[in-house]
Amino acid sequence: MNPLEGRSVALGVSGSIACYKAVDLASKLVQLGARVDVMMTEAAMEFVAPLTFAAVTHRPVVESLFDPKSEISIDHVAIAERADAVVIAPATAQTIAKLALGLADDPIGATVLATAAPVIVCPAMDAHMYDNPATQMNVETLASRGFVIAGPAEGRLASGLMGKGRLIETAEMVGHLRLALGRRGSLAGRKVVVSAGGTKEDIDPVRFIGNRSTGKMGYAVAEAAIDLGAETVIVAAPNALQPPVGARVEAVRSALEMRDAVLAESSDADAVVMAAAVADWRPRERSASKLKKGGRSSFSLDLERTPDIIAEVERRGLVKVGFAAESDDVLANARKKIAPKGLDLIAANDVTAPGSGFGSDTNRVTLIDRGGNVEELGVMTKYEVGRRILDRVASLLGCPAARRDAQPPAR
Ligand code: PMT
């Protein structure tokens, strides 16, 4: 289920102080199961020794087109053909200019010209160099050819200047890679809307009614949707999570705001997965000023029901998935929610079981479909739960299986 397991990544490293971050990227990709072929420019080798990359990738590093020890000197398109994706990180102004011209005088240029795989360019340079019209034009040229331009980030640069030119962080580079690799997934061309987190119903400007949801389950479903190639929208109640690269986030606070966003986004969606914990009740009135204790020993709030969001989503060929957060009679209580909410699938979630429910990285759910068929998933990571749910969604939508080994689409 690991999206990088067994994938072949060609990593082009050009000469910048940010080369040290490329070592971290190479190491992370290997840990995630990828086979990483590193190609270095001469300038890159001034900053980091090829041995460093060889040590983390357990593979020889390509230093030149004519290195007799390298397979590229025998078959100059070998890496290009095997790559599922090419990442250039850091990509200097010089390397970007050469790629824009289509030069093939080094292993990176030759590989990029010969590959049909997606190419992700992660610029890193001084802010003035990045802002220069020549670099801007080269970046635009690459973007117009379908290259993914990831970054640069703003911040402190090696020169001491503050500005745009920092290599993006490893997690973001991995995110761009996953987004590119997912393009051929089983949900390619489909739109998935995922709700995440716990809604907050304001009582006054200080207090609210909330719940324990952190958003981890919903964000994990979104990550899985991206790995399967879906256009992914997260309707997110307040949370502290970093959204996956490629997901669009619609931030909401209350159940009513979540309803509006979910209904708007679902009008052209293929699937809606409601992982959010939505308040069932809201204060009938919200006080504009902070409520005072006023010497009272007790206090009552007048509550009204919130709309059942997922029940309001029209089915019209769209797959509806709900979660049921239960603490007792988990399966029986989950089953009762399928018909009134018009669900195709419900994930019965025992929120009291160890390693399950709110805040944890794992979850224990049982999937129940409209026909009453039951699939117990046991304890697994929330990402794996998301993948299993979306595999069921893909099959309900009649999507073809993932085309992992098929010829990649032209950039
Ligand atoms: O975010 P985490 O910390 O990772 O925790 C994950 C989780 C425990 C919140 C998640 O796995 C989960 O179980 N989510 C559903 C929580 C919930 O609200 O369950 P429910 O049984 O009350 O609601 C059933 C379904 O109807 C849910 O899909 C819910 O999103 C939806 N609903 C509920 C109320 C409402 N007004 N509108 C809805 O659409």
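Numbering of ligands and ligand atoms starts at 1, following listing order. Index from 1, following the sequence.
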Under 3.5 Å, is there a donor on one side chain and an acceptor on the other for Asp369 and Asn373? yes
Does [X] approach ligand 1 within less than 4.0 angstrom via side chain, backbone, both or neither, non-hydrogen atoms only?
X: Arg259; answer: neither
X: Ala325; answer: both
X: Val365; answer: neither

Check for me whether Ala196 has a heavy atom closer than 4.0 Å to any atom of ligand 1. no
If you measure from each heavy atom of Ala255 to ligand 1, is any distance below 4.0 Å?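 Ala255 does not count as a contact of ligand 1 under the 4.0 Å cut-off.
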Please state which protein non-hydrogen atom is closest to [atom] and give its distance, to 0.1 Å?
atom: atom 28 (O) of ligand 1; result: Met274 O, 2.7 Å
atom: atom 31 (C) of ligand 1; result: Lys341 NZ, 3.9 Å
atom: atom 39 (O) of ligand 1; result: Ile310 N, 3.0 Å
atom: atom 25 (C) of ligand 1; result: Phe323 O, 3.0 Å

Mind checking the [atom1]-[atom2] spacing from [X] to [Y]? Nearest 0.5 Å is all I need.
X: Ser195; Y: Ile310; atom1: OG; atom2: CD1; answer: 7.5 Å
X: Lys191; Y: Leu187; atom1: NZ; atom2: CG; answer: 14.0 Å
X: Glu201; Y: Glu257; atom1: CD; atom2: CD; answer: 9.0 Å

Counting each atom of ligand 1 from 1 as listed, which ones have a heavy atom of Asn349 under 4.0 Å away?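 So the atoms of ligand 1 that pass are 8 (C), 10 (C), 11 (O), 12 (C), 13 (O).
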Which of the atoms of ligand 1 are close to Thr306, meaning less than 4.0 Å from one of its heavy atoms? 36 (N)
Considering all heavy atoms of both residues, which atom of Ser14 and which atom of Thr41 are nearest to each other, and what is their separation? CA-OG1, 3.4 Å
Pick whichever of Ala334, Gly322, Gly198, Ala276 has a heavy atom sitting closest to atom 29 (C) of ligand 1.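 It is Ala276 whose heavy atom sits nearest to atom 29 (C) of ligand 1.
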I want to confirm something. Looking only at heavy atoms, which of Ser195, Ala220, Ser213 is nearest to atom 1 (O) of ligand 1? Ser213
Could you please spell out the steps behind the side-chain contact (heavy atoms from CB on, under 4.5 Å) verdict for Ile338 and Ile368? CA-CA 9 Å; Ile338 296 177; Ile368 311 172; 3.8 Å; yes
